[in-house]
K.L.:
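Dropping a structure here in structure tokens format, bear with me for questions.
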Amino acid sequence: MTDTTQPIPQDDNQIITERRAKLAQLRESGVAFPNDFERRDYAARIHAAHGEKTKEDLEAAPVEVQFAGRMMLKRVMGKASFATLQDMGGRLQIYVANDITGEATHEAFKHWDLGDFIGATGVLFKTKTGELSVRATSVRLLSKSLRPLPEKFHGLSDQEQKYRQRYLDLITNEDARRVFATRSKIVQTIRNFMTGHDFLEVETPMMHPIPGGAAAKPFTTHHNALDMELFLRIAPELYLKRLVVGGFEKVFEINRNFRNEGLSTRHNPEFTMMEFYEAYRDYRYLMDFTETLLRETARAATGSEQVNYNGQIIDLGQPFDRLTIVDAVRKYHPEFSVEQLNDRAWLAAWFKANKAKFRESDGLGGLQLTFFEETTETLLIQPTFIIDYPAEVSPLARRSDSQPDITERFELFITGRELANGFSELNDPEDQAERFMEQVRNKEAGDEEAMHYDADYIRALEYGLPPTGGCGIGIDRLVMLLTDSQSIRDVILFPQMRPE
RNA sequence: GGGUCGGUAGCUCAGCCGGUAGAGCAGCGGACUUUUAAUCCGUUUGUCGCGGGUUCGACCCCCGCCCGACCCA
């Protein structure tokens, strides 16, 4: 654990010691960390605006730039030097020479280190090999770097260090920068899509007196003034539906959920979901809407509706498959018959024979779902909606009118992973109250993930919830898909880690 | 929780059958006015993840632990 009352222990090696001495000299000779440099130009814009110009163009019409960045490469050749500076959008080379800046400035520059922030003013030119560069008339050290950067060519490769010290990963690894830039683009696209469809973006509580909206173990915390236990939210669902009761007929929220579970390449204890609710819509409409949303997001983020994931092409352009649980099993495992899959005793025997975990108390629907998860889920590589989930595992979803044991619910699977979950919302307050009661019975029987009875939510439903459809989309998993990332840690800037 | 692999200089890595730790980059000094991971010459740097054990002697073999990656439950 980090002890914030103690200074960071000095782990100086020779390089750091030398850099500290350089910093001490800077302090003696003036302001060591000046903040009066005016950055006027960016690497990416400079390249875009002037990259195509010839040597002669740049000589005929000189372009002066004022640019700053972190020094990533340095090549000193006696009376002249080149350095590569990196800013938020790219890199730009500067040329520093005795006969332009004067010998004193160049001599000082030679002692600046990789990692230092440098501000440069000068005129653009092309080198012999045609690289756009800045012939610096002045260079300033803006911020001293005391610690050496990872090796300039290989960068940072240690996975653990990439996650623990993400800033180093971002400095040295363009792929890492690309992933998080794409993540931002994805979220922005979704937000625009939703507001473009007249949804209202809202923020609901992160701290819940009663955890609800999903089957998961919550984190607990304590409010001192109220002296009460609070739970970090596992889902915003029940609050968003209260808003639909309140008349916000189209709402969405993009925010964090917290679940007290283990860590894996697919699970981080805090993760981002987009949930949305629309009145007068059912789950079939939601599937169409979700398909369109994902298609447009893929196109905006990657430029294509066909995305490469782990060597496979995932086609988001084709209509997504829609299968019931039994149909999906049958499609990928024709060796199981409909009769077997509808035989509770046969399923239970199969689990025992295959040493698979299942809940003895589950009915046929629950066992079918477990069987699907065991045998078929990971085979759903191309986008597939699984529909008609059993009511016993869907306590917030509306029952099918023709088959009360199943609900109007779907989950979307891509690359074998659950990406979205949606349903026609249960708006019958008396049915909802009974379902909560059953959850409470399950909890008392030892199911830690079972839901609580939320009396205020029932009260809200009793005022009347219009027929409504709602859906949640896992943003982290979507970013994984669209950036070809194999671990959720690669798409979360600061993933949860054990303490060092 | 189980299995596999990994942790050696600031970084990337090598280190044979057990004989007292190396390279490249970075750093420092020198040469070099269009370099491109600049080049050339010289040179500094280690809790070999941690703790035990075996041994005359352990980075190396054995046991335990910590951290991570991947796979499985």
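Proteins come first, then strands; the chains are lettered A, B, ... in the order of their sequence lines, and each starts at number 1. Quick caveat, the model's predicted, so the values are computed rather than measured.
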K.L.:
Grab the CE-P distance between A/M72 and B/A26 for me, whole Å please.
P.N.:
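Taking atom P of B/A26 as the reference, CE of A/M72 is at 13 Å.
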K.L.:
For atom C1', what is the distance between B/G2 and B/C61, given to the nearest Å?
P.N.:
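These two C1' atoms come out 25 Å apart once rounded.
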K.L.:
Ignoring hydrogens and angles, state whether a donor on the side chain of A/T129 or A/T127 is under 3.5 Å from an acceptor on the partner side chain.
P.N.:
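Present: a donor and an acceptor within the cut-off.
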K.L.:
In whole Å, what separates the C1' atom of B/A23 from that of B/G30?
P.N.:
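Each nucleotide's C1' atom is 22 Å from the other's.
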K.L.:
Going by purine N1 to pyrimidine N3 plus the second Watson-Crick contact, or the G-U wobble pair, all under 3.5 Å, which nucleotide sits opposite B/C25?
P.N.:
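Its partner is B/G10.
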K.L.:
Rounded to whole angstrom units, what separation is found between the NZ atom of A/K79 and the C1' atom of B/A31?
P.N.:
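From A/K79 NZ to B/A31 C1': 10 Å.
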K.L.:
Between B/C41 and B/G24, how far is it from one P atom to the other, in whole Å?
P.N.:
10 Å
K.L.:
Measure CE/A/M77 against P/B/U33 and give the value in whole Å, please.
P.N.:
8 Å
K.L.:
Rounded to whole Å, please give me the gap between CD1 in A/I94 and P in B/U34.
P.N.:
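Distance, rounded to whole Å: 16 Å.
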K.L.:
Compare the minimum distances between each of B/U35, B/A37, B/C28 and the side chain of A/K22, then state the nucleotide with the smallest one.
P.N.:
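From the listed options, B/C28 comes nearest.
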K.L.:
Nearest to the side chain of A/Q14 - B/G68, B/U35, B/G27?
P.N.:
B/G27
K.L.:
What about A/N98: does its side chain form a donor-acceptor pair under 3.5 Å with the base of B/U33?
P.N.:
no
K.L.:
Please determine, for B/U36, whether a Watson-Crick or G-U wobble partner exists with both distances under 3.5 Å, and give it or none.
P.N.:
none
K.L.:
Could you please name the option among B/A26, B/G68, B/U35 that lies closest to any side-chain atom of A/F82?
P.N.:
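Out of B/A26, B/G68, B/U35, the nucleotide with an atom closest to A/F82's side chain is B/U35.
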K.L.:
A/Q93 or A/D490: which one's nearest nucleotide on RNA chain B is closer to the 5' end?
P.N.:
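Taking each residue's closest nucleotide, the earlier one in sequence belongs to A/Q93.
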K.L.:
Counting heavy atoms from C-beta on, name the nucleotide in B/G68, B/G10, B/U12 closest to the side chain of A/P148.
P.N.:
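Out of B/G68, B/G10, B/U12, the nucleotide with an atom closest to A/P148's side chain is B/G10.
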K.L.:
Are side-chain heavy atoms of A/Y95 and A/V134 found at a separation under 4.5 Å?
P.N.:
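Side chain of A/Y95 against side chain of A/V134, heavy atoms only: no contact under 4.5 Å found.
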K.L.:
Can you measure A/D99 atom CG to B/U34 atom C1' for me and round it to whole angstrom units?
P.N.:
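Nearest whole value for this atom pair: 12 Å.
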K.L.:
Mind calculating the distance between NE2 (A/H106) and C1' (B/U34) to the nearest angstrom?
P.N.:
13 Å
K.L.:
Answer yes or no: side-chain N or O of A/S157 and base N or O of B/U12 forming a donor-acceptor pair under 3.5 Å.
P.N.:
no
K.L.:
Please give the distance between the P atoms of B/C13 and B/G51 as a whole number of Å.
P.N.:
25 Å
K.L.:
Would you say the side chain of A/R135 and the base of B/U34 hold a donor-acceptor pair, judged only by whether the two atoms sit under 3.5 Å apart?
P.N.:
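Yes.
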K.L.:
Only one of A/R177, A/R178, A/K162 clears salt bridge (charged side-chain N to carboxylate O under 4.0 Å, His left out) with A/D169; which?
P.N.:
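Going through the options one by one, the only one that passes is A/K162.
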K.L.:
What nucleotide, of B/C70, B/U35, B/U12, holds the atom closest to the side chain of A/H154?
P.N.:
B/U12
K.L.:
Let's see if you can work this out: which of B/U34, B/G24, B/U35 has an atom nearest to the side-chain heavy atoms of A/F125?
P.N.:
B/U34
K.L.:
At under 4.0 Å, does any side-chain N or O of A/R498 touch on OP1 or OP2 of B/G68?
P.N.:
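Answer yes for this pair, as a side-chain N or O of A/R498 is under 4.0 Å from OP1 or OP2.
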K.L.:
Evaluate the ring planes of A/F219 and A/F258, with Trp represented by its six-membered ring, and classify them as parallel (under 30°), tilted (30 to 60°) or perpendicular (over 60°).
P.N.:
perpendicular
K.L.:
I want to verify a distance call: between B/G68, B/U36, B/A26, whose nearest atom is closest to the A/R75 side chain?
P.N.:
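Closest nucleotide among those given: B/U36.
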K.L.:
May I have the distance from A/E160 (atom CD) to B/C66 (atom C1'), rounded to whole angstrom?
P.N.:
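So the two atoms are 10 Å apart, to the nearest Å.
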K.L.:
What interatomic distance, in whole Å, is found between P of B/A58 and the corresponding atom of B/U20?
P.N.:
12 Å
K.L.:
Please give the nucleotide sitting opposite B/G68 as a Watson-Crick or G-U wobble pair, both distances under 3.5 Å, or none.
P.N.:
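When the pairing criteria are applied, B/C5 turns out to be the nucleotide that pairs with B/G68.
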K.L.:
Side chains of A/Q66 and A/T121: any donor to acceptor distance under 3.5 Å?
P.N.:
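Checked: A/T121/A/Q66 side chains pair up, N/O donor to acceptor below 3.5 Å.
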K.L.:
Please state the P separation for the pair B/U55 and B/G18 - nearest whole angstrom.
P.N.:
16 Å
K.L.:
Could you verify whether a donor N or O on one side chain and an acceptor N or O on the other, from A/Q93 and A/R75, lie under 3.5 Å apart?
P.N.:
yes
K.L.:
Tell me whether the NZ or CZ atom of A/R409 lies within the 45° cone about the ring axis of A/Y389 and under 6.0 Å from its centre.
P.N.:
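Yes, a cation-pi geometry.
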K.L.:
On RNA chain B, nearest-nucleotide positions of A/K74 versus A/W112: which is more 5'?
P.N.:
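Closest to the 5' end, via its nearest nucleotide, is A/W112.
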K.L.:
Indicate, yes or no, whether a donor-acceptor pair under 3.5 Å links the base of B/U36 to the side chain of A/T127.
P.N.:
yes
K.L.:
Answer yes if the side chains of A/Q306 and A/N308 hold a donor-acceptor pair under 3.5 Å, and no otherwise.
P.N.:
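Judged by distance alone, the side chains do not pair up.
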K.L.:
Below the 4.0 Å mark, does B/G68 have OP1 or OP2 next to a side-chain nitrogen or oxygen of A/R164?
P.N.:
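A/R164 to B/G68 OP1/OP2: side-chain N or O found under 4.0 Å.
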K.L.:
If you compare every side-chain N and O of A/T17 against the phosphate oxygens of B/C28 (OP1, OP2), does one of them come in below 4.0 Å?
P.N.:
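No, outside the criterion.
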K.L.:
If the P atom of B/G6 is compared with that of B/C25, how far apart are they to the nearest Å?
P.N.:
27 Å
K.L.:
Side chain of A/L156 only, please: which of B/U34, B/U12, B/G27 is the nearest?
P.N.:
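So the nucleotide nearest the side chain must be B/U12.
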K.L.:
Using a distance-only test with no angle check, is there a side-chain donor-acceptor pair under 3.5 angstrom linking A/R70 and A/Q86?
P.N.:
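No, A/Q86 and A/R70 have no side-chain donor paired with an acceptor closer than 3.5 Å.
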K.L.:
Identify which nucleotide among B/C11, B/U33, B/C71 has an atom closest to any side-chain atom of A/P150, counting heavy atoms from C-beta outward.
P.N.:
B/C11
K.L.:
At less than 4.0 Å, is any side-chain N or O atom of A/K152 found next to OP1 or OP2 of B/G27? Yes or no.
P.N.:
no
K.L.:
A/Q161 has an atom CD; how far is it from atom P of B/A9, in whole Å?
P.N.:
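After rounding, the gap between these two atoms is 11 Å.
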K.L.:
Determine whether a donor-acceptor pair (one donor, one acceptor, N or O, separation below 3.5 Å) exists between the side chain of A/Y95 and the base of B/U35.
P.N.:
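There is none.
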K.L.:
Could you check which of B/U33, B/C71, B/A73 has an atom nearest any side-chain atom of A/K357?
P.N.:
B/A73
K.L.:
Using a cut-off of 4.0 Å on non-hydrogen atoms, how would the nucleic acid contact of A/T84 be classed: base, sugar-phosphate, or nothing?
P.N.:
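Since no nucleic acid heavy atom lies under 4.0 Å of A/T84, the category is nothing.
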K.L.:
Please report the distance separating the C1' of B/C11 from the corresponding atom of B/A26, rounded so that it comes out in whole Å.
P.N.:
8 Å
